[in-house]
Amino acid sequence: MRDRVRSLGYAAYERLLRWELSGTPSHVAVIQDGNRRYARKEDVETNQGYTEGAETTESLLHWCDELDIEEVTLYAFSTENLDRPEEQRAYIFDLVEEKLRTFADADRVHDAEVCIRAIGETEMLPERVQDAIDYAEARTAQYDRLNLNVALAYGGRAELLGAARAVAESVEAGEISPGDVDVDTVEDRLYEGPTRDVDLIVRTGGDERTSNFLPWHANGNEAATFFCTPYWPEFRKIDFLRAIRTYQNREESWRTTRARRALTLVRALENAEVEQARRVLGRFRDALPSGEREELDEEYEAAD
C-alpha cells in the first residue's frame, strides 16, 4: 500500500512539473557523478554502480527525446579517470564499448534520429573503445534531430590549451594574423562535437562544481546549473524536470533584467537614441511584471 501511494505521489508531482514548464533548453550537459558512492551505499560491487548508471543514461536520452531537447553532452570519462585502478578502468571501457554499440544499433536511437559523437582525447582510449566510437558515429552520422556528445578522456582545460596552441601555430605559420583571431577562430580548433552553446549543466551526487566541463560552451554562455544530491543511478525523471525548471526560472529572470535595463535606457537616453532603446525594450516587454508593463504603456501613450 505504501509503495502504491508513493508511486501515485510521484506521478502527480511529475505531472505538476511538466505543467509548470513553458519551454526547454536546447543543449543540456550532464555530469553523471556518484556511481561508486551509490555502490558503496547499496553495499554492492563498484561495477554494479556503473552498470546501473548506464541504465539511467538510457532513460535520460528517452526523457530528452520526449521533451524535444536538441543536444545532450554526457561527461562519461574524464582524463583524470585514467588514474583509476586498472581493473576499474577495464570495466568502464568494457561498459562504454558495449553501450556505444548497443546505442548505435537500438531502434529507439534510430527512431529518435540520434547522432552520436565522442569528444575528448579519444586516442588515449583502448583500441576497442575507439573502434566502438567509430562504429557508433558511422551508424548515426545521417541524423540531426538529437545530437548526443559523449565526453571520453575529456578535460576542458586541455581542450582550451589545445585550441590556443593550434591558433598560435596558425599565426606563426602566417595563416592568420593576431588581429584576425576571433570566436570562430577558436571554435574551429575545439573538439568536434557540440553544435551549440550549453544552456543547462546538471550534476548529480551532491558536489556543487562543474569540474572543468565544457568551459567554452557552458561558462561563455553563462549556462544555468542544477546540482542535486541523488547519485547518478538514482537520478529520476522528476529530478530532470526540476533541473529544467531551474533553467526556465533563470531564463525568465534574465529576460526581466534585460527588460528593466532597456526601460531605464529609454527613460535616460536622448531622443536620437530612444527609438533604438525602445526596439530593445519591445523584445523583452512581456518579461516585465504586469504593473511595470502598465506603467510603461502609460508612458508611451503620454509620449505619443
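Heavy-atom basis, side chains included; hydrogens, waters and symmetry copies ignored.
Side-chain contact of E159 with Y154: a donor-acceptor pair under 3.5 Å is present, judged by distance alone. Side-chain atoms of E52 and Y38 form a donor-acceptor pair, as typed in the model, at a separation below 3.5 Å. If you check the side chains of E71 and T195, you find a donor sitting under 3.5 Å from an acceptor. Side-chain atoms of T51 and Y91 form a donor-acceptor pair, as typed in the model, at a separation below 3.5 Å.
Residue P215 comes nearest to G156 through the heavy atom pair CD-CA, 3.6 Å, listed as atom of the first residue, atom of the second, then distance. Looking at every heavy atom in both residues, S26 comes nearest to R196 through CB-CD, 3.7 Å. What you find for Q32 and L74 is that their closest heavy atoms are NE2-CB, 3.7 Å. A pairwise comparison of heavy atoms in L95 and A54 identifies CD2-CB, 4.2 Å as the closest pair. The shortest non-hydrogen separation linking N35 to G49 is OD1-O, 3.4 Å. Of all heavy-atom pairs between W232 and T57, the closest is NE1-OG1, 3.3 Å.
The cluster map of Ile, Leu, Val, Met, Phe, Trp and Tyr, joined by side-chain heavy atoms under 4.5 Å apart, puts L152 and L82 in the same cluster. Residues L61 and Y135 fall into different hydrophobic clusters, defined by Ile, Leu, Val, Met, Phe, Trp and Tyr side chains chained together at heavy-atom separations under 4.5 Å. Two different hydrophobic clusters hold Y231 and V30 under the rule that ILVMFWY side chains link at heavy-atom gaps under 4.5 Å. Side-chain heavy atoms closer than 4.5 Å link hydrophobic residues (I, L, V, M, F, W, Y) into clusters, and following such links, even through other members, never connects Y143 to L148. Hydrophobic clustering (side-chain heavy atoms under 4.5 Å, transitive across Ile, Leu, Val, Met, Phe, Trp, Tyr) groups I238 together with Y247.
Rounded to the nearest 0.5 angstrom, I244 CD1 and L67 CG are separated by 5.0 Å. With rounding to the nearest 0.5 angstrom, the SG atom of C64 is 10.0 Å from the NE2 atom of H27. Atoms CG and CD1, from L190 and I119 in turn, are 10.0 Å apart once rounded to the nearest 0.5 Å. Interatomic distance, I201 CD1 to F226 CZ, rounded to the nearest 0.5 Å: 13.5 Å. Going from atom CD of E234 over to atom CG of D239 covers 9.5 Å, rounded to the nearest 0.5 Å. The distance from atom CD of Q88 to atom CG of N47, rounded to the nearest 0.5 Å, is 7.5 Å.
With a 6.0 Å radius and a threshold of 12 heavy atoms from other residues, nucleotides or ligands, E45 has its CD atom at or below the threshold. Within a 6.0 Å sphere centred on CD of E175, heavy atoms belonging to other residues, nucleotides or ligands number more than 12. Within a 6.0 Å radius of CD in E87, no more than 12 heavy atoms belonging to other residues, nucleotides or ligands are found.
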Step-by-step salt bridge (charged side-chain N to carboxylate O under 4.0 Å, His left out) determination, E58 to K99
CA-CA 9 Å; E58 292 188 45; K99 289 302 179 182; 2.8 Å; yes
Are K237 and E66 close enough, and set up right, to give a salt bridge (charged side-chain N to carboxylate O under 4.0 Å, His left out), and what steps lead you there?
CA-CA 11 Å; K237 188 175 183 179; E66 281 185 345; 2.6 Å; yes
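Taking 4.0 Å as the cut-off between side-chain N and carboxylate O, R203 and D207 count as a salt-bridged pair. The pair R108-D65 does not count as a salt bridge, with every side-chain nitrogen at least 4.0 angstrom from each carboxylate oxygen. A salt bridge links D94 with R128; the closest basic N to acidic carboxylate O contact falls under 4.0 Å.
With hydrogens and angles disregarded, no donor-acceptor distance shorter than 3.5 Å links the side chain of N212 to the backbone of G155. Using a distance-only test at 3.5 Å, with no hydrogens or angles considered, no donor-acceptor pair links the side chain of T79 to the main chain of A153.
A search for side-chain contact (heavy atoms from CB on, under 4.5 Å) contacts involving R40 returns R36, R37, not counting sequence neighbours. For R245, the side-chain hydrogen bond (donor to acceptor under 3.5 Å, both in side chains) test picks out E20, with sequence neighbours left out. Considering only residues two or more places apart in sequence or on other chains, E208 meets the side-chain contact (heavy atoms from CB on, under 4.5 Å) condition with F227. Qualifying side-chain contact (heavy atoms from CB on, under 4.5 Å) partners for N81, counting only residues two or more places apart in sequence or in other chains: F77, S78, R84.
Using a 30° and 60° split on the angle between ring planes, W63 and F235 fall in the tilted class, from 30° to 60°.
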Please set out all donor-acceptor pairs under 3.5 angstrom arising from side-chain atoms of residues 176-184, sequence neighbours excluded.
{"unit_1": "S177", "atom_1": "OG", "unit_2": "D180", "atom_2": "OD2", "d": "2.8"}
{"unit_1": "D182", "atom_1": "OD1", "unit_2": "D184", "atom_2": "N", "d": "3.2"}
{"unit_1": "D182", "atom_1": "OD1", "unit_2": "T185", "atom_2": "N", "d": "2.9"}
{"unit_1": "D182", "atom_1": "OD1", "unit_2": "T185", "atom_2": "OG1", "d": "2.7"}

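For residues 111-126, the set of pairs meeting the side-chain hydrogen bond (donor to acceptor under 3.5 Å, both in side chains) definition, not counting sequence neighbours, comprises E121-Y191.
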